[in-house]
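On a predicted model such as this, the values are computed, not experimentally measured, just so you know.
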Amino acid sequence: MTTNTLFWGIGVHFLIDWQPGIANPLSTATSWLPVLLIFGSMLVVGIVYLVKFDREYEKQSHLAKS
């Protein structure tokens, strides 16, 4: 509520879920490599999908105006 965005809350939740060493210093921490590979690939796929969707939407809106 302070920053008027969910970004920081989601970021902290992500760190606590994937890095147990933050919440409990006695537990073993997971490696960042699998986390970055999984979410990095999801990010790339999501961006590609959104760009393609946006281009198709722009084509359709230009056809509707003509």
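Both Phe39 and Trp32 sit in one connected hydrophobic cluster of ILVMFWY residues. Membership requires side-chain heavy atoms under 4.5 Å apart, directly or through other members.
Rounded to the nearest 0.5 angstrom, Ile38 CD1 and Leu43 CG are separated by 13.5 Å.
Contacts of Glu58 classified as salt bridge (Lys or Arg N to Asp or Glu O under 4.0 Å), with partners at least two apart in sequence or in another chain: none.
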